Amino acid sequence: MSDKIETVQVAGAHLEVSWTGNGQLSRYPAVWLRDHCHAARSMNQSSHQRSVDTFSIPETLAPAAVRMDAETVFVTWPGEAEESVYPVSFLQDMAEPGLWTEDRPKSLWMAADIEETLPEVPHAAVMKEDGDGLAEWLELVDRHGFALVTGVPATPEATEELLKRVGYIRQTIFGGFWDFTANKAFADTAYSTVEIGPHTDGTYAIDSPGYQAFHCLEFDGTGGESIFVDAFKVAEVIREQDPEAFEVLASVPVPAQYKGDGVHLMAENPVIGLDRDGGLRKITYNNYDRAPFRLEDSRQAAFYRSLGLFNRLINDPAYQLRFGLRPGTVVLFDNWRVLHAREAYEGHRRLCGAYHNKEDVLSKLRLLHNRG
Ligand code: OGA
Ligand code: ZN
């Protein structure tokens, strides 16, 4: 699609645009056009909020006249003194009917695909005002599901400052930015030294955290390596090799709970959450936190079989990226895609980190992408 208009004309209740180059035609209906007018009387120029009264637009509306210059198309409506205004770039974005989509390609991985060169950006670059380093970090996280920042001062203050560049930090039962060592005062295994198998966090949250960050500030002991698994990769392998298991994992809503520490949080999600086109949207898996529920016998058996397959793959070393979190390196990962796990450890370990909401990080990514 070219970005220049060859001709524009009124065609009944439509505006017809022909694009230069291949002469492709776009036909915009009048009601939709009036609803999307970019003029100040129809759209707040600073907030971009719609101010036109959508519901007083007559269904039978048709454009009275049209003209254009290099950047803008102007439409006159019967009985309206002022023209409506449409940037050519907007008409180009809307050239084909279709639901809202964003193209953010992912590269799915197994351990061998990524362990030689982990996606990483130096701290100094991420903290620079120009935003290039931050954009690079978040783009790597978006593509691979995780990325590291190296050379971060091993203090909670520097870590929190870094993570606040990503977006505001989410408040949960654990607080906002957290910083702890093993602590028996809490019910959750998070505060223990035992092995924690691959999982996503917040399966009991209706809107589970989109991203999580870890920084191991102090480590003096043995074990405790971290494991990351690209569960989008695992899900695609299951889709390919065992469609029946995929169907079960994508459709049985699994309840989860956090019961203790003065709360009883509950939510349900399928293990493999799909978007409207059948693409992967959100993985939700924490076998420790699964709440009781019971299916019909045959579905129950299929559920255990399918969950067993998922569990076998995420524990297969071929899918497990394994490395020790060490002071100075922050990992930010997509909690809707990448599972994390921790081996048992002995000794002293101090970990800090935070959660971010999905939309806040994507917002930052969009702003950085569209800057200048
Ligand atoms: C958790 C967890 C990871 C770690 O508590 O949910 O994943 O490295 N901890 O301690
Ligand atoms: Zn966790």
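Positions are given from 1 along the sequence. It should be emphasised that the depicted structure is a prediction, and the values quoted were computed from it without experimental measurement. Counting starts at 1 for both ligands and their atoms, following the listed order.
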- Query: Do you know which N/O/S atom name in His199 is closest to the Zn ion (ligand 2)?
  - Reply: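 Nearest N/O/S atom of His199: NE2.
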
- Can you name the N, O or S atom of Asp201 that is closest to the Zn ion (ligand 2)?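 Sorting the N, O and S atoms of Asp201 by distance to the Zn ion (ligand 2) puts OD1 first.
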
- Query: Is there a donor-acceptor pair under 3.5 Å between the side chain of His199 and the backbone N or O of His340?
  - Reply: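 The answer is yes, because a donor-acceptor pair under 3.5 Å joins these two groups.
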
- Check whether more than 12 heavy atoms from other residues, nucleotides or ligands sit under 6.0 Å from atom CD of Gln45, and answer yes or no.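 Count over threshold, so yes.
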
- Could you tell me whether Glu244 atom CD has more than 12 heavy atoms of other residues or ligands within 6.0 Å of it?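 12 or below, so no.
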
Considering only heavy atoms of [X], which atoms of ligand 1 have at least one such atom less than 4.0 Å away?
X      : answer
Arg342 : 4 (C), 8 (O), 10 (O)
Asp201 : 6 (O)
Leu351 : 4 (C), 8 (O), 10 (O)
Phe214 : 3 (C)
His340 : 2 (C), 6 (O), 7 (O)

- Query: Can Ile238 be reached from Leu307 by stepping across I, L, V, M, F, W or Y side chains whose heavy atoms are under 4.5 Å apart?
  - Reply: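 Same cluster.
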
- Is Tyr319 linked to Phe323 within one hydrophobic cluster, defined over Ile, Leu, Val, Met, Phe, Trp and Tyr using a side-chain heavy-atom separation of less than 4.5 Å? no

- Message: Would you say Gln212 and Asp201 are linked by a side-chain donor-acceptor pair, where the criterion is simply a distance under 3.5 Å?
- Response: yes

- Message: Could you check whether Lys358 and Ser208, counting side-chain N and O atoms only, form a donor-acceptor pair closer than 3.5 Å?
- Response: no

- Query: Would you say Ser226 has any N or O atom under 3.5 Å from an N or O of ligand 1, going by distance alone?
  - Reply: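 So ligand 1 has no N or O lying under 3.5 Å from an N or O of Ser226.
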
- For atom 1 (C) of ligand 1, the option (of Gln212, His199, Glu343) bearing the nearest heavy atom: His199

